[in-house]
Amino acid sequence: MIRELLYSAARPKEMAALLKVKMASQLPKQEEALDVLAQTLSDRDFCYAALNKVSRSFAVVIQQLPQELRDPVCIFYLVLRGLDTVEDDMTIPAEKRVALLREFHAKCYDPNWNMENTGDSFDYRVLLQHFDKVNRTFLSLDMIYREVINEICYKMGNGMADFAEKKVESVADYDLYCHYVAGLVGHGLSGLFSASGYEDGSLRNELEISNSMGLFLQKTNIIRDYHEDLVANRSFWPVEIWGKYSPELNHFERYPHKKTSLAALNHMVTDALRHVPDVITYLRMLHNKDVFRFCAIPQVMAIATLAKVYNNPDVFTSNVKIRRGLAAKLMVYTKDMDAIYAAFRQFTFEILEKLDRNDPNYQLISQYLENISLATSELNFRPQLNKEQVLS
Ligand code: CA
């Protein structure tokens, strides 16, 4: 905390925000290990304890949702975490892993199903070992929520299984993989928001822009995690993009300052920026202020991260993160569309200032930044016409 305060010392708004966020996020900390907690907690309490262990940041933001939505979103997260744990555990023989991914949605209806010795980390293993608790809590949800969660689990599991047998090579593959692991989360959340009545019933049908919400976040993580993923011997950067700049992906780590390395990185950022106008359109459709904040905060963090990683050689050798103070400020001030417009304008301006006319994607990224500035300027905002309207 002291270090973060020092980094933000010259920025009083960030200092104030850091302290505010620190106060607000004082979730009771469970010191005991998850396997010990599993012995005494009720099924539902175990779910929240597990959420707290596997993703503390998500456990904090979920507290901001309307009460009615917390359990469905918590269970949605844990079911998908279970699926992801299976996807990532390379010690399970491929054939068995693929079969399990395809069947996972059906296992969720079994109040006694769990799995021993699965997962790359202790908490994931305990989660899978006690998955019957997640399933029983899932079964206690209203049917409208269960249907949304299970449909997404079915589609994601099958998508992951498809990609267990092939690699991300083209940009189309990249978009499809990101759709399975993140775009579908967008679909599911829209479904849950609609089902709860806190948002319009029509939101669940906004598949394209819901998908973009997930893709923008996922692609930002994939770009930022270049080095971490390289070390772990995996990669999600599509060769159709990076192959234009180097014959080997690890070349960028060795020559982080080379023009071609930075051009590859900038190409990846350019590709991610294509989803921003959809993100703005989606956020504009939300009515409930808590749902809005839940959706909007990760999106402003993502654009801030892209502004930081654009043309930044450190991405190739380390884990680049935005200042905690900046993150806290975005968390505190992201309350309405005006804050969204301001944040997106500020970070696109930061990217604009870093542009180099000689970058091979200079024209394209300039166009995307222009589109974002149009989408974030209310004076220029015109509702998008759908096909019928254009034709009539
Ligand atoms: Ca995974």
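Atoms within each ligand, like the ligands themselves, are counted from 1 in listed order. Both backbone and side-chain heavy atoms feed into the values below; hydrogens, waters and symmetry mates do not.
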Contacts of type side chain to side chain donor-acceptor pair (under 3.5 Å), residue Glu169, not counting sequence neighbours: none

Centroid-centroid under 6.0 Å between Phe138 and Tyr109 rings: yes

Minimum-distance atom from the Ca ion (ligand 1) among N, O or S atoms of Glu87: OE1

Atom pairs and distances, side-chain donor-acceptor, residues 293-303, under 3.5 Å, sequence neighbours left out:
unit_1, atom_1, unit_2, atom_2, d
Arg293, NH1, Met331, O, 3.1
Arg293, NH1, Thr334, O, 3.2
Gln299, NE2, Met213, O, 3.1

Of the N, O or S atoms in Asp88, the one nearest the Ca ion (ligand 1): OD1

His105-Tyr154 aromatic ring centre distance below 6.0 Å: yes

The Ca ion (ligand 1) to Asp84: nearest N/O/S atom name: OD1

